[in-house]
J.: 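Got a structure for you, questions after.
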Amino acid sequence: MNDCATRLNERQQEAVTAKAQNMLVIAGAGSGKTNVLVNRIAYVIKTHDVSPNNILAVTFTNKAAAEMRHRVEEILNHPITGMWIGTFHSLCHRILRQHYEAANLPKQFQILDQDDQTKLIKKIHAAMNLDEERWPAKKSQSFINKNKDNGITCDQIKSKGNPNTETLITVYRNYQAQCSISGSVDFADLIMRTYHMLASNSEIRHHYQHKFNFLLVDEFQDINNIQYMWLKLLAGADEGSNSTVMAVGDDDQSIYSWRGAEIAHIMSFSKDFPNTKTIRLEQNYRSTGTILAAANAVIENNNDRLGKSLWTEGNEGSPIYIYNSINDIDEAIFIASKIKEWKLESSSNSKIAILYRSNAQSRIIEDVLNRNQIPYRVYGGLRFFDRAEIKDALGYMKLVNNTHDNAAYERIINQPTRGIGRQTLEQIRAYANAAEVSLWQATEEVLDTEELTARATTSLRKFTDLITSLKHEAETLNVAEAATLILEQSGLIDLYRKDKKDTAQAKVENLQELLNAAESFGNNDAEATLANFLAYSILDTSATKEDQSENAIDLMTLHAAKGLEYNLVFLTGLEEGLFPHKMAMIEPNNVAEERRLCYVGITRAREKLFITHASSRRMHGKTSFQSPSRFLHEIPANLRQDIVNAAQAPRYARESYGSSNSFSSGSMSRPTSSSIGPKYKLPKETNTNPNSYFLGQRVMHAKFGEGVVINYEGDTSTGRVQIKFKGQDAKWLLASYAKLQSLD
DNA sequence: CTTGCAACACTTTTT
DNA sequence: GTGTTGCAAG
């Protein structure tokens with residue numbers, strides 16, 4: 001028995017030390033799946049069955065990839081640089097960079113993100129004179145992506161004479177033509193193009209089939225058609241390869257069908273991969289018996305499962321607490337108060353998460369946590385690389401990297417403004433369309449025709465000269481140096497430096513953060529090219545900054561929570577229409593997926609689980625009355641304990657919503673359904689009215705720190721407060737946005 | 001050509 | 001509540 005597998009149970013051991021063969025591991029939540037994966041890799045390397053160079057591991061996120069590599073290296077005590085590990089997208093990107101010619105791509109091809117894709121489709125719709133109402137860009141977008149996820153090119157779709165389909169096919173075709181002109185590939189393309197390249201080029205295919213004889217796929221339940229085909233092709237069973245595949249997943253945790261994932265693949269694996277050994281991991285090492293019982297009870301309401309029931313040797317633990325709040329604010333206050341309680345009684349390193357169905361729900365929770373000075377960190381939402389100023393900066397870098405990148409060109413041609421307006425741009429677009437060339441090339445050719453006004457010509461020349469000289473200089477520089485030069489010379493950073501607004505200051509900081517990112521991307525590494533940095537910026541989905549304050553609460557969507565675990569979990573917004581989401585309620589299959597999402601949420605909790613639902617909630621600016629989620633009713637009564645709503649109506653109205661102890665006195669009964677009508681009016685915000693401040697008052701701001709109120713003006717909605725912060729100049733802040741915490 | 005404001009639509013999840 | 005678009009004035 002190998003020593004790296006000593007702490008594993010019998011089933012896990014079996015998976016880790018199995019002889020080389022295809023394997024399907026059905027791993028329930030918290031069953032030590034990652035441990036098995038990591039140990040399996042370490043085991044095959046250690047026993048010299050496989051060299052790291054011959055291993056390909058696919059993970060769901062780049063973060064998971066980094067962690068897995070780290071843990072394997074920890075066990076082996078030496079680096080394993082030769083192993084390929086990453087997401088399908090990043091691995092395909094690597095292959096395409098290597099074989100761009102075989103894949104029929106320009107050397108500097110660029111990745112189109114979702115946003116770029118939407119913009120491009122809108123432009124194509126406009127060019128085709130399609131009515132925006134009848135043809136929303138999203139419709140074409142999902143048509144294109146769905147087909148690509150199935151490996152279908154525009155020429156392979158059969159319209160069957162349906163005029164709607166024919167229009168969509170034309171959009172797809174025009175879209176593809178534009179991508180080819182600007183040398184870009186979208187997310188789905190990364191995989192589809194790699195697949196088609198490998199399928200048609202036997203030399204390269206055999207190279208990789210030979211190289212990777214140990215393939216490993218995590219989160220197998222979320223794999224889509226083209227990824228499955230890709231894997232089959234690479235494993236090469238049809239061509240007599242002796243590669244083996246280890247697929248690890250949990251059909252009950254499949255939550256990405258909207259992205260083309262099909263659970264069917266986990267079901268058909270053993271048919272498609274010969275002599276598959278199937279191993280089930282059902283012993284759970286994470287949660288209490290009560291939490292597992294609830295999870296099992298909920299998921300049992302789904303049909304078409306492989307079937308699996310989690311169990312633990314641990315104790316039952318506390319019941320699942322259910323809290324029916326008056327509204328969304330009340331829900332957040334409840335959570336904040338429970339977090340405070342928990343922090344008083346438990347060890348400081350215990351992890352806490354607040355989970356929600358959609359990102360919009362985080363706002364109020366953040367607000368209340370701020371007011372209670374509870375540190376938190378939000379995952380997802382607006383990524384660092386999605387911020388406008390960062391996208392502008394990346395736009396310049398993209399254009400320098402590949403002048404034919406139309407999306408980048410459109411983004412930055414007049415940012416900062418340089419006198420190139422709609423008129424001029426329209427002429428260039430028209431030329432580019434007619435000549436079927438990139439905007440960049442069109443610009444050069446239009447300039448040669450000398451048909452533009454003198455003014456436009458001067459501006460355009462300035463622009464092309466700028467990009468050309470940047471391109472030239474960037475060739476001899478590393479990524480960080482090139483980025484610095486680009487930011488300075490483009491005038492982008494000066495645009496915000498000159499701007500005196502607070503928001504502009506933050507933008508300068510973000511741009512500097514981008515330079516830091518470029519710096520740490522690596523300078524000596526031959527792989528640290530501008531093109532690779534740009535790809536990284538698109539494929540990396542990690543949170544804004546790794547704010548590693550130890551005791552911060554994690555806020556994230558249920559999707560983002562997959563794979564994580566916490567001592568204390570708050571599952572929020574369990575209301576019909578929100579969770580399950582109303583978009584999913586039309587089709588039973590989609591409700592089943594929502595239920596799996598709920599299962600994922602419940603199984604994140606180690607010790608204690610709170611589930612909250614609000615009787616009313618403000619959504620999209622309107623208040624709506626909410627009824628409890630069906631999933632709530634699926635949790636057996638003997639496992640749950642309802643927490644009585646302690647809010648006392650008269651007190652409530654008076655109290656600031658930052659106060660947290662309005663819950664400790666639990667004497668009031670929950671409002672009956674009839675009392676839903678008259679709402680207790682919660683104060684919107686205590687300190688939005690500057691007149692509630694006083695001169696000399698000490699306040700705390702999330703970003704600027706401690707300060708003193710030195711002036712104020714205006715009324716409740718438009719008021720401003722002037723504050724002198726420690727070590728900084730006095731600042732005027734909008735009372736309604738400053739989120740000031742009084743220290744007096 | 002740029003700026004500022006008002007009206008407007010859009011809100012599921014993400015590689 | 002938020003972000004984008006369209007329009008009129010500078």
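Note on naming: letters A, B, ... go to the chains in the order of the sequence lines (proteins, then strands), and numbering restarts at 1 for each one. The figures here come from the full heavy-atom set of this structure, side chains too, leaving out hydrogens, waters and symmetry mates.
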J.: Just checking A:Thr424: base, sugar-phosphate only, or nothing, at a heavy-atom cut-off of under 4.0 Å?
T.: sugar-phosphate
J.: Between B:dT3, B:dT12, B:dT11, spot the one nearest the side chain of A:Met583, thanks.
T.: B:dT12
J.: I need the CD-P distance between A:Gln114 and B:dT12, as an integer number of Å.
T.: 13 Å
J.: Just to verify, what does A:Arg94 make a side-chain hydrogen bond (donor to acceptor under 3.5 Å, both in side chains) with, not counting sequence neighbours?
T.: none
J.: Kindly indicate whether the side chain of A:Leu564, heavy atoms from C-beta on, has any atom under 4.5 Å from the side chain of A:Met556.
T.: yes
J.: Which residues, if any, of residues 226-234 of chain A bring a heavy atom under 4.0 Å of DNA chain B?
T.: none
J.: Phosphate oxygens OP1/OP2 of C:dG1: is one of them under 4.0 Å from a side-chain N or O of A:Arg363?
T.: yes
J.: Would you indicate which nucleotide in B:dT15, B:dT2, B:dT13 comes nearest to any side-chain atom of A:Trp258?
T.: B:dT13
J.: Check every strand shown and say whether A:His89 touches a base, only sugar-phosphate, or nothing at a heavy-atom separation below 4.0 Å.
T.: base
J.: A:Gln141 has an atom CD; how far is it from atom C1' of B:dT14, in whole Å?
T.: 12 Å
J.: A:Lys562 near the nucleic acid: base, sugar-phosphate alone, or nothing, with a heavy-atom cut-off under 4.0 Å?
T.: nothing
J.: To the nearest angstrom, how far is A:Glu594 atom CD from B:dT12 atom C1'?
T.: 8 Å
J.: Any carboxylate oxygen within less than 4.0 angstrom of a Lys/Arg side-chain nitrogen, looking at A:Glu426 and A:Arg429?
T.: yes
J.: To the nearest Å, how far apart are A:Ile329 CD1 and C:dG1 P?
T.: 9 Å
J.: In whole angstrom, give the distance that lies between atom OH of A:Tyr379 and atom P of B:dT14.
T.: 14 Å
J.: Give the intermediate values and the outcome of ring-ring contact (aromatic ring centres under 6.0 Å, His included) for residues A:Trp230 and A:Tyr228.
T.: CA-CA 5 Å; A:Trp230 184 93; A:Tyr228 192 75; over 10 Å; no
J.: Does a side-chain N or O from A:Asn414 land closer than 4.0 Å to OP1 or OP2 of B:dT2, or not?
T.: yes
J.: Please enumerate all residues that pass side-chain hydrogen bond (donor to acceptor under 3.5 Å, both in side chains) together with A:Tyr100, with sequence neighbours excluded.
T.: none
J.: Please give, in whole Å, the distance from C:dG3 P to A:Glu389 CD?
T.: 12 Å
J.: Please work out if A:Asn359 contacts a base, only the sugar-phosphate, or nothing of the nucleic acid, heavy-atom cut-off 4.0 Å.
T.: sugar-phosphate
J.: Around A:Glu67, counting heavy atoms of other residues, nucleotides and ligands shown, do more than 12 lie under 6.0 Å from its CD?
T.: no
J.: What I want to find out is whether A:Asp250 reaches A:Lys33 closely enough, with some N-O distance under 4.0 Å, to be called a salt bridge.
T.: no
J.: Return the value, rounded to whole Å, for the distance between atom OH of A:Tyr356 and atom C1' of B:dT13.
T.: 12 Å
J.: Please tell me which of the listed nucleotides, B:dT11, B:dT14, B:dT12, lies nearest to the side chain of A:Thr557?
T.: B:dT14
J.: Between A:Glu219 (CD) and B:dT13 (P), how many Å, whole number?
T.: 19 Å
J.: Considering heavy-atom distances to DNA chain B, does A:Phe60 or A:Gly419 have its closest nucleotide positioned more toward the 5' end?
T.: A:Gly419
J.: Using atom P in both nucleotides, what's the gap between B:dT13 and C:dT4 to the nearest angstrom?
T.: 16 Å
J.: Between B:dT11, B:dT3, B:dT13, which nucleotide has the shortest distance from any of its atoms to the side chain of A:Thr417?
T.: B:dT3
J.: Indicate yes or no: does A:Arg377 engage A:Asp554 in a salt bridge with an N to O separation below 4.0 Å.
T.: yes
